[in-house]
Structure formats: structure tokens, C-alpha cells
J.: 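For reference, the structure I am asking about is given below.
Quick note: numbers below take in every heavy atom, side chains included, and nothing from hydrogens, waters or symmetry partners. Order of appearance sets the numbers: ligands from 1, and atoms from 1 within every ligand. We count residues from 1, following the sequence as given. Computed from a predicted model, the values in this text were never measured in an experiment.
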Amino acid sequence: MTSQPAKKLLILPGDGIGPEVMQEVRHIIAWLEAKRGLSFAITEDLVGGASLAQYGEPIRDDVIEQARAADAVLFGSVGDPRWNHVGFEKRPELAILKLRQELALFANLRPAKVFDALVDASTLKPDVVRGLDIMIVRETVGGIYFGNPRGIETLADGSKRGINTEVYTTSEIERVARVAFDLARKRSNRVCSVEKCNVMESGLLWKEVVTDLHAREYADVELTHMLADNCAMQLVRNPRQFDVLVTGNLFGDLLSDLASMLTGSLGMLPSATLGAADSAGKCPALYEPIHGSAPDIAGQGIANPIAQILSFAMLLRYSFDYQAEAQLIEEAVAAVLANGLRTADIMSEGKTRVSTSEMGAAIVNELDKAQA
Ligand code: NAD
């Protein structure tokens, strides 16, 4: 049993399947409070289309303030086709963009883990992905998506030129590399830093800064370097060689999507976005499944709640340092899958199809068994 002050948790279920899958997390929270003695001070609010309907805006300043005050934010997903007609400044999706911006969340963490029971769901051969467990750390507020100069200009001959600029500073590289090294220490203690130092000065600086930081503060962690194009190839050829990968915004965007598809299913994948720690060591953090609000299946009780539940397990592990409880949840998910239970998105022949709430209940049941 753990007995610590209540952790402040802000829950933002959002739209579509968000509230349905979040309901299953609430059951797990109730279980942790009842059976593990954990205590959560929970606030909940509306974001996305749900907030637009109630308040006329996708996220209120008050919700941003609640997110700042919380120890961690658990986000569902936003997006509702009923708001397709509104301008970009009122889209439901602005809720998540604004949260990331306001909390200065600069490091996106995407695990790609293959559960034994789902090894056949990958498009790669089972032998290549069995046991896969990697973490991609992507820098999200710098690099070519934000660098200046940028724009489209008209040249003297009337033709046009599109410009974007890849820019990284020492401190931007150091802070995201620190996240990667700290994560590696909680995993298999290996970091691979990815850039294109052979053709880009920003990549050269990236490599130098990561190497210096490693020598100064993280010599106990194994560090390797890889060119981004080779990394894309290696992720498909032999993904298990990696533990933690750290890279910039553009390469991370591509490589994290590639890595997540190694596991075969959108409904299974959690993510986290972290900001810089303040002087008291508190680090803003938001956890969410990588899938969206899935309006095509919303309200039918068939969504897979596992990505949302695993996002909560990440939150327990990385924001609250409840390692044992995070592991219990991950093992309960693995056990339910091993028992052959499947929501529609991961259904295959010979398995038992279950609803969202049946999947959630089965995971709680496995937690009970593990605790007995
Ligand atoms: P999506 O991830 O919502 O859905 C893609 C497909 O995967 C759909 O067929 C859906 O039914 C299925 N799917 C997704 N999650 C599932 C789950 N848990 N269980 C079973 N099946 C699942 O992507 P989309 O259709 O491109 O986008 C829908 C809306 O979500 C859009 O408004 C988009 O902007 C928004 N979106 C939001 C976020 C976010 O909140 N961070 C992320 C991505 C998309």
C-alpha cells in the first residue's frame, strides 16, 4: 500500500469516443483508490466540441489554469464533425493545440510496444516485432515547423519560392535530450540520438550538444547516434535494437508515426507530452491516446479503451512515479489480450469480441486477480 498526498489530476474527456474510453479509466482509478490506497484529487472539464456547445469556445482560460495547477492532465480526444463549418480559430482541435502551447510542452513521448497476443496485428513479420518496446522522444516546439524565415515569396521572374528554416539552439536540444536520458534510466538505459549531421548544420549541432550533455551528466547511459534516413530503415529492418530514440520535430513526426504502426493498432497506443520542470521540480505533462475522437464509431460502445488506459498508466509512471501500479495496469492489459478478449478494431478469428465497457471490466478483473 502506498500512502501519499492526493495527486492533482485534471481529466478532459473531450469529444466522440473520448468520454466512452475515459469512463473505463475512472473504474481503474476507483480500483487504485480502493485496493492500493492511492489518492487522487480529480477535476474534470469540457474541451473541444463539448466546450464549444456549452461555452462557445474550444477551451476556456479557466481550463488552461486548471491544467497549470494540476500535477498531470489526462486528455481524451477532440474533434466533432458537427463543428466542421466553423472557422479555424473555433475548431474543437484548437483545445489540444492551445494546451500544448500554453503549458510549453516540448517533448512528445510515444511508446511503441507490441503485446505478445497481438504480434500478428503488425504488418511486419512476427519475428521482427515480437517483444518490441521502444520509446520515441520528439521535440515538438522547435525545428523547421517554427523556424524563421518562413513563407512563400514571389521571385523577380514571377515564379515562387517556399521557405522553411530548421533552427535548434543548445538549450532546446539539451532539454529534450535530458528527457530522453532520464527516460532511458527508467528503461533499458540506452539512447539513440537521430539527426542528419552529414548534410545539416543544425544536425551537427544536435549531435555535439547531445554528446556533450551525455559526457557531463549521463555517462551511465549508453548513447549512440544515427542518421535519420538510416533510422527509418532500421525501424523496419530490426526495430528491437532501439530503447529510447530522441530526435527533432520533423524527423520525430515521421519516425514516431512509422514506429507506432509497427504495433498494428491505433486503439492501443498511448502518448505523453512533457514540459520543463519548474524550480520546485514540477513538470507540466499531458497524456493522451494517439487516436482521435473516432466520430464514425462514437456512441456505439465499441471503441477500444486500451490506448486511454495505457495513457493513464504512463501518467502514473512518469508524472506520479507510481511504477508498481503502472506495471500492474500494463500487465492486466496484456493478460486480457492473452485471454483472447478483443474490441472490434483488434478482433481476429477465434477471439472473443467485447464492448468498450466489457474490455474495461476485464482489465479491472485482472487487476483484482493480480492483487489477490
Ligand atoms: P481517428 O483516430 O479518430 O480515427 C481513425 C480510425 O481509427 C477510425 O476508423 C476510428 O473508428 C478508428 N479508431 C480510432 N480510435 C479507435 C479506438 N480507440 N477504438 C477503435 N477504433 C478506433 O482519426 P480521424 O478519423 O482522422 O479523426 C477524427 C477526429 O479526431 C478529427 O476531428 C480529428 O481532427 C480528431 N483528432 C484529434 C486528435 C486529438 O485529440 N489529439 C488526434 C487525432 C485526430
J.: Looking at atom 11 (O) of ligand 1, what's its closest protein heavy atom, distance included?
T.: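 Result for atom 11 (O) of ligand 1: Asp296 OD1, 2.8 Å.
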J.: Nearest to atom 22 (C) of ligand 1, what protein heavy atom do you find, and at what distance?
T.: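 Here the nearest protein heavy atom works out to Ile297 CD1, 4.0 Å.
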J.: Which atoms from ligand 1 have a heavy atom of Gly267 less than 4.0 Å away?
T.: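 In order of number, 17 (C), 18 (N).
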J.: Report yes or no: is the cationic atom of Lys7 (NZ for Lys, CZ for Arg) under 6.0 Å from the centre of the six-membered ring of Tyr322, at an angle within 45° of the ring normal?
T.: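 Satisfied, under 6.0 Å and within 45°.
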J.: Among all protein heavy atoms, pick out the one at the shortest distance from atom 6 (C) of ligand 1; state its residue, atom name and that distance to 0.1 Å.
T.: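 Of the protein heavy atoms, Leu266 CD2, 4.2 Å lies nearest.
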J.: Return yes when at least one protein heavy atom is under 4.0 Å from atom 32 (O) of ligand 1, and no when none is.
T.: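 Under the 4.0 Å cut-off, atom 32 (O) of ligand 1 does have protein heavy-atom neighbours.
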J.: Run the numbers on Gln323 and Asp321 for side-chain hydrogen bond (donor to acceptor under 3.5 Å, both in side chains), then give the verdict.
T.: CA-CA 5 Å; Gln323 307 292 339; Asp321 205 22; 2.6 Å; yes
J.: If the cut-off is 4.0 Å to any non-hydrogen atom of Ser77, which atoms of ligand 1 fall inside it?
T.: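 The atoms of ligand 1 under 4.0 Å from a heavy atom of Ser77 are 40 (O).
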J.: Does atom 27 (O) of ligand 1 have a protein heavy-atom neighbour under 4.0 Å away?
T.: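 So atom 27 (O) of ligand 1 lacks protein heavy-atom neighbours under 4.0 Å.
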J.: Distance under 4.0 Å to a non-hydrogen atom of Ala303: what atoms of ligand 1 satisfy this?
T.: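 The list of qualifying atoms is 19 (N).
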J.: Given Gly18, Gly48, Gly292, which one has a non-hydrogen atom that is nearest to atom 38 (C) of ligand 1?
T.: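 Ranked by closest heavy atom to atom 38 (C) of ligand 1, first place is Gly292.
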J.: Using 0.5 Å steps for rounding, measure from the CE atom of Met314 to the CG atom of Leu74.
T.: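 Result: 11.5 Å between the selected atoms.
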J.: Gly79 heavy atoms, cut-off 4.0 Å: which ligand 1 atoms fall inside?
T.: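 Reading through ligand 1 atom by atom, the close ones are 32 (O).
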J.: Quick one: look at Pro289 and ligand 1, take heavy-atom pairs under 4.0 Å, and tell me if it's side chain, backbone, both or neither.
T.: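 No part of Pro289 is near ligand 1 at this cut-off.
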J.: Show your reasoning for whether side chain to side chain contact (heavy atoms under 4.5 Å, CB included) applies to Arg68 and Glu102.
T.: CA-CA 9 Å; Arg68 275 192 229 285; Glu102 292 286 331; 3.1 Å; yes
J.: Using a strict 4.0 Å threshold on nitrogen-to-oxygen distance, state whether Arg26 and Glu44 make a salt bridge.
T.: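 Answer for the salt bridge query: yes.
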J.: Strictly distance-based, threshold 3.5 Å: is any side-chain N or O of Ser293 a donor or acceptor partner for the main-chain N or O of Gly16?
T.: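 Answer holds: no.
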J.: Just to confirm my output: which protein heavy-atom neighbour is closest to atom 25 (O) of ligand 1, and how far is it?
T.: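 Checked against all protein heavy atoms, atom 25 (O) of ligand 1 sits closest to Pro295 CD, 4.7 Å.
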J.: In ligand 1, which numbered atoms sit nearer than 4.0 Å to a non-hydrogen atom of Ile17?
T.: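 Reading through ligand 1 atom by atom, the close ones are 15 (N), 16 (C), 17 (C), 18 (N).
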J.: Report, in ascending order of atom number, the atoms of ligand 1 lying under 4.0 Å from any heavy atom of Glu288.
T.: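 Numbered from 1, ligand 1 contributes 41 (N).
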J.: Is the closest protein non-hydrogen atom to atom 15 (N) of ligand 1 under 4.0 Å?
T.: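 At least one protein heavy atom is under 4.0 Å away.
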J.: If the threshold is 4.0 Å, N to carboxylate O, is there a salt bridge linking Glu288 and Arg100?
T.: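 Salt bridge present between Glu288 and Arg100.
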J.: What protein heavy atom sits nearest atom 18 (N) of ligand 1, and how far off is it?
T.: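 Result for atom 18 (N) of ligand 1: Asn304 O, 3.0 Å.
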J.: Note the single closest protein heavy atom to atom 3 (O) of ligand 1, along with its residue, its atom name and the distance in Å.
T.: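 Of every protein heavy atom, Ala294 N, 2.8 Å lies nearest to atom 3 (O) of ligand 1.
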J.: Output the list of atoms in ligand 1 that are nearer than 4.0 Å to some heavy atom of Ser293, sorted by atom number.
T.: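 In order of numbering, the contacting atoms are 3 (O), 29 (C), 30 (O).
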J.: Name the closest protein heavy atom to atom 34 (O) of ligand 1, giving the residue it belongs to and the distance to 0.1 Å.
T.: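 For atom 34 (O) of ligand 1, the nearest protein heavy atom comes out as Glu93 OE2, 2.6 Å.
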J.: Salt bridge between Glu153 and Arg161, side-chain N to carboxylate O under 4.0 Å?
T.: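 Looking at Glu153 and Arg161, the cut-off is met.
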J.: How close do Pro305 and Val21 get, counting heavy atoms only, and between which atoms?
T.: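 Closest approach of Pro305 to Val21: CA-CG1, 3.6 Å.
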J.: Within a strict 4.5 Å, meaning less than it, do heavy atoms of the Ile309 and Ile28 side chains meet?
T.: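 Ile309 reaches Ile28 side chain to side chain.
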J.: So, does Arg110 use its side chain to make a donor-acceptor pair with the main chain of Ile290 at under 3.5 Å?
T.: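 Side chain of Arg110 to backbone of Ile290: no pair is present.
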J.: Identify, for atom 37 (C) of ligand 1, the protein heavy atom at the shortest distance, and state residue, atom and that distance.
T.: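 Going by distance alone, atom 37 (C) of ligand 1 is nearest to Val78 O, 3.0 Å.
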J.: Do NZ/NE/NH1/NH2 and the carboxylate oxygens of Asp80 and Arg82 come within less than 4.0 Å?
T.: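 Salt bridge present between Asp80 and Arg82.
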